[in-house]
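Take a look at the structure set out below.
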Amino acid sequence: AQSVSQHNHHVILSEAASLELGCNYSYGGTVNLFWYVQYPGQHLQLLLKYFSGDPLVKGIKGFEAEFIKSKFSFNLRKPSVQWSDTAEYFCASTNFGNEKLTFGTGTRLTIIP
Amino acid sequence: EAGVVQSPRYKIIEKKQPVAFWCNPISGHNTLYWYLQNLGQGPELLIRYENEEAVDDSQLPKDRFSAERLKGVDSTLKIQPAELGDSAVYLCASSLEAGTGETQYFGPGTRLLVL
């Protein structure tokens with residue numbers, strides 16, 4: 001069964017710091033990868049997704065993620081975080097022929113003004 | 001465009017009582033999902049519908065959980081009887097079509113507390 005690992009459970013950064021959240025997936029075949037964000041009191045919403053093509057994916061609010069197949073990774077990055085980026089971030093995957101979205105355990109990001 | 005609607009937003013019940021959650025997906029979305037999210041965990045799929053057909057219910061505990069999507073639009077998830085361990089957030093999501101690259105749009109969830 002496929003699995004997604006997020007090793008950073010809680011990250012605390014100051015405003016303007018650079019961000020990288022780790023995500024590793026287990027499936028060795030064709031995968032689709034997603035980052036979802038949940039702001040306090042709001043529902044899960046899509047930040048970005050990788051389906052095929054350019055492994056560097058740009059999403060909303062200045063976020064980007066890079067698919068590195070050799071490392072089974074899809075890390076989320078942002079060069080300069082803002083207080084409003086405080087949220088929980090979930091990495092997720094589906095694999096070819098299986099629409100089931102498998103989520104990681106999430107990373108709670110706290111930005112200090 | 002209206003998003004995925006869920007009700008109620010919060011529910012507190014005593015164990016052994018029944019409970020039901022309702023979801024209305026985004027208009028025109030054929031695929032509907034129910035997820036369970038425990039505290040400190042990511043969502044886990046319970047059941048997936050394509051129109052009115054449940055195409056993946058392998059993770060649904062069928063002894064106490066049931067779901068329906070009779071007309072292929074809104075859906076109800078039921079627990080009978082509820083147990084203490086069912087306390088969690090129940091999320092509904094929808095997508096335009098089924099497919100591994102399709103974006104799933106989530107509702108706000110129903111937070112269930114079983115006492």
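Since the structure is predicted, the reported quantities are computational estimates derived from the model, not experimental observations. Lettering follows sequence order; numbering is per chain, from 1.
For the atom pair B:L91 CG and A:Q38 CD, the distance stands at 7.0 Å (nearest 0.5 Å). Rounded to the nearest 0.5 angstrom, A:K100 NZ and B:D56 CG are separated by 7.0 Å.
Listed options B:A93, B:P108, B:G42, B:P43 were ranked by heavy-atom pairs under 4.5 angstrom with chain A; first place goes to B:P43.
In the hydrophobic clustering of ILVMFWY residues, with side-chain heavy atoms under 4.5 Å counting as a link, B:L60 and B:Y35 come out apart. B:L70 and B:I47 fall into different hydrophobic clusters, where Ile, Leu, Val, Met, Phe, Trp and Tyr are joined by side-chain heavy atoms under 4.5 Å apart, directly or via other members. Note on B:L46 and A:F90: separate hydrophobic clusters, where clusters join Ile, Leu, Val, Met, Phe, Trp and Tyr whose side-chain heavy atoms are under 4.5 Å apart, directly or indirectly. No continuous path of hydrophobic side-chain contacts links B:Y49 to B:Y105 [ILVMFWY only; heavy atoms under 4.5 Å].
Contact annotation for B:Q37: only side-chain heavy atoms (C-beta onward) come within less than 4.5 Å of a heavy atom of chain A. Interface residue A:L44: backbone and side-chain heavy atoms are both found under 4.5 Å from chain B. Only the side chain of B:Q59 comes within contact range of chain A, with at least one heavy atom under 4.5 Å from a heavy atom of that chain.
Counted within 6.0 Å of CG on B:L115, heavy atoms from surrounding residues, nucleotides or ligands total more than 12; the atom is thus considered enclosed. The 12-atom threshold is exceeded at OH of A:Y39, counting heavy atoms of other residues, nucleotides or ligands nearer than 6.0 Å.
Formation of a donor-acceptor pair under 3.5 Å by the A:Y36 side chain with backbone atoms of B:Q104 is found in this model.
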**Message:** Let's go through A:L101 and B:Y33 carefully: what are the C-alpha distance in whole Å and the side-chain angles of both, what is the deciding distance for side chain to side chain contact (heavy atoms under 4.5 Å, CB included) to 0.1 Å, and is it a yes or a no?
**Reply:** CA-CA 10 Å; A:L101 195 57; B:Y33 313 77; over 6 Å; no

